[in-house]
Enquirer: 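Mind looking over this structure? Questions follow.
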Protein chains: 2
Amino acid sequence: MGDETKYSAEACETHHRAIRDTMDVLSGKWKLRIVGSLSLSKKRFMELRNHIDGIAAKMLSKELQDLEINNLVNRSVINTKPITVEYELTAYGQSLKPIIDEMVIWGMQHRKQLKNKLT
Amino acid sequence: MGDETKYSAEACETHHRAIRDTMDVLSGKWKLRIVGSLSLSKKRFMELRNHIDGIAAKMLSKELQDLEINNLVNRSVINTKPITVEYELTAYGQSLKPIIDEMVIWGMQHRKQLKNKLT
DNA sequence: CTGTATCCTGTAAGATACTG
DNA sequence: CAGTATCTTACAGGATACAG
């Protein structure tokens, strides 16, 4: 076919695009943290705010909206005296669990690794 | 023992910290792309530049340095006529493969998902 | 070819204050 | 409690030119 195997295949491009797509959906400093938090249990806005160290209300709100748009997170308003809102992962959001899990695993062993280096 | 289970456990904090640690190491727009590219095969600077669409020399250089500092990537200078430099994942860098793989898998199915939605 | 040195800019994200 | 509205800023990242 003439071309000098500039790229080994379309497979390469697919590979790259997939990484990019995933990164786009999880872009920013907070989305993975939020998903990680919700993967442990559904939470109210305030709980998320407390649980995710350092996040501002504005950021949390915005990121949750992004996640909702992508159908990763479900938002439900509860009719308590002052209203309460609960966020939880959708089934689709839970499909991110393997990524989260691998990142948790890696992060933990990485920290261990660094500790050993300091010996 | 008096605390009202504000957090279910230290486990929560560990979980969060692990995600944060991993994100720190892979921070920025390009590192994961680079690691992803190198996970397929070792490459020269120019090859990476071509392979990773849109990256500027400065960014590539800087990100590769970061990755090298964290011992994820190995840099070796080859003595060709104009020198050539080869980058490859270290054994440690290859330990990121599961994360990459999960992201590739998710990204691919996500794209499929979106396509179906458009039907 | 493999970078480094500048310069420049958009935007992610922080701080603060306010509303239903 | 659950957000929104502004204002501000730092810094990641882009463009370009040049060096070993």
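Naming: A, B, ... by sequence-line order, numbering from 1 per chain.
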Enquirer: Indicate every side-chain donor-acceptor pair of residues 53-64 of chain A with a distance under 3.5 Å to a residue at least two apart or in another chain.
Expert:
residue, atom, partner, partner atom, Å
Ser61(A), OG, Gln65(A), NE2, 3.4

Enquirer: Compile the donor-acceptor pairs under 3.5 Å between side chains in residues 72-79 of chain A and protein atoms, sequence neighbours left out, one pair per line.
Expert:
residue, atom, partner, partner atom, Å
Arg75(A), NE, Tyr87(A), OH, 3.3
Ser76(A), OG, Glu86(A), O, 3.4

Enquirer: Rounded to the nearest 0.5 Å, what separation is found between the CG atom of Leu96(B) and the NE2 atom of His110(A)?
Expert: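 These two atoms lie 9.0 Å from each other.
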Enquirer: Kindly list each side-chain donor-acceptor pair under 3.5 angstrom involving residues 38-47 of chain B, sequence neighbours excluded, with atom names and distances?
Expert:
residue, atom, partner, partner atom, Å
Ser39(B), OG, Gly36(B), O, 2.7
Ser41(B), OG, Lys43(B), NZ, 2.9
Lys43(B), NZ, Ser37(B), O, 2.9
Lys43(B), NZ, Ser41(B), O, 3.2
Glu47(B), OE1, Arg44(B), N, 2.7

Enquirer: With sequence neighbours left out, what residues match Lys29(A) under salt bridge (charged side-chain N to carboxylate O under 4.0 Å, His left out)?
Expert: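 Not a single residue meets the salt bridge (charged side-chain N to carboxylate O under 4.0 Å, His left out) criterion with Lys29(A).
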Enquirer: Could you grab the distance from atom CD1 of Ile99(A) to atom CD1 of Ile105(B), nearest 0.5 Å is fine?
Expert: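 Rounded to the nearest 0.5 Å, the CD1-CD1 separation comes to 8.5 Å.
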Enquirer: Could you pull out all residues at least two apart from Asn71(A) that satisfy side-chain contact (heavy atoms from CB on, under 4.5 Å)?
Expert: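 Asn71(A) satisfies side-chain contact (heavy atoms from CB on, under 4.5 Å) with Thr90(A), Tyr92(A) once adjacent residues are dropped.
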Enquirer: The test is side-chain contact (heavy atoms from CB on, under 4.5 Å); show your working for Leu26(A) and Thr22(A) and say whether it passes.
Expert: CA-CA 6 Å; Leu26(A) 299 174; Thr22(A) 302; 3.9 Å; yes
Enquirer: Atom CZ of residue position Arg17(A) - does it have more than 12 heavy atoms of other residues, nucleotides or ligands inside 6.0 Å?
Expert: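 Enclosed.
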Enquirer: Tell me, which pairs form a salt bridge (charged side-chain N to carboxylate O under 4.0 Å, His left out) where one or both residues lie in residues 108-119 of chain A, sequence neighbours left out?
Expert: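 Listed by first then second residue: Arg111(A)-Asp21(B).
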Enquirer: dG3(C) P sits how many Å from Ile78(B) CD1, rounded?
Expert: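 Taking CD1 of Ile78(B) and P of dG3(C), I get 12 Å after rounding.
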Enquirer: Pull out every residue in residues 38-48 of chain A that has a heavy atom closer than 4.0 Å to any atom of DNA chain C, ordered by number, or say none.
Expert: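 Correct list: empty, so none.
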Enquirer: OP1 or OP2 of dC1(C) less than 4.0 angstrom from a side-chain nitrogen or oxygen of Thr84(B), does that happen here?
Expert: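 The answer is no; no side-chain N or O of Thr84(B) sits under 4.0 Å from OP1 or OP2.
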Enquirer: Are the side chain of Gln109(B) and the backbone N or O of Trp106(B) linked by a donor-acceptor pair below 3.5 Å?
Expert: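 Confirmed, Gln109(B) side chain pairs with Trp106(B) backbone.
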Enquirer: For residues 64-77 of chain A, which residues have at least one heavy atom under 4.0 Å from DNA chain D?
Expert: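 Gln65(A), Arg75(A) - these, ordered by number, are the residues of the stretch whose heavy atoms sit under 4.0 Å from the strand.
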Enquirer: Rounded to the nearest 0.5 Å, what separates atom OG in Ser95(B) from atom CG in Leu89(B)?
Expert: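 Answer for the OG-CG pair, Ser95(B) versus Leu89(B), is 9.0 Å.
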Enquirer: Once rounded to the nearest 0.5 Å, what's the spacing between atom NZ of Lys31(B) and atom CE of Met23(B)?
Expert: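 Answer rounded to 0.5 Å: 11.5 Å.
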Enquirer: Using every non-hydrogen atom in the two residues, find where Ile19(B) and Met103(A) come nearest and quote the distance to one decimal.
Expert: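 Nearest heavy atoms, Ile19(B) then Met103(A): O-CE, 4.5 Å.
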Enquirer: For a 4.0 angstrom threshold against heavy atoms of chain A, report the outermost contacting nucleotides of DNA chain D in 5' to 3' order.
Expert: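 Footprint of chain A along DNA chain D, 5' to 3': dC1(D) to dC7(D).
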Enquirer: Go along nucleotides 10-20 of chain C 5' to 3' and tag each nucleotide: B for a protein heavy atom under 4.0 Å from its base, S when only backbone or sugar atoms are that close, - otherwise.
Expert: ---BBB-----
Enquirer: According to side-chain hydrogen bond (donor to acceptor under 3.5 Å, both in side chains), who are the partners of Thr14(A), at least two apart in sequence or on a separate chain?
Expert: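 Per chain and number, Thr14(A) pairs via side-chain hydrogen bond (donor to acceptor under 3.5 Å, both in side chains) with no residue.
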Enquirer: Please give the angle, rounded to 10 degrees, between the axes at the start and the end of the helix from dC1(C)-dG20(D) to dG20(C)-dC1(D), where five pairs define each axis.
Expert: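 End-to-end axis angle for the helix from dC1(C)-dG20(D) to dG20(C)-dC1(D): 50°, rounded to 10°.
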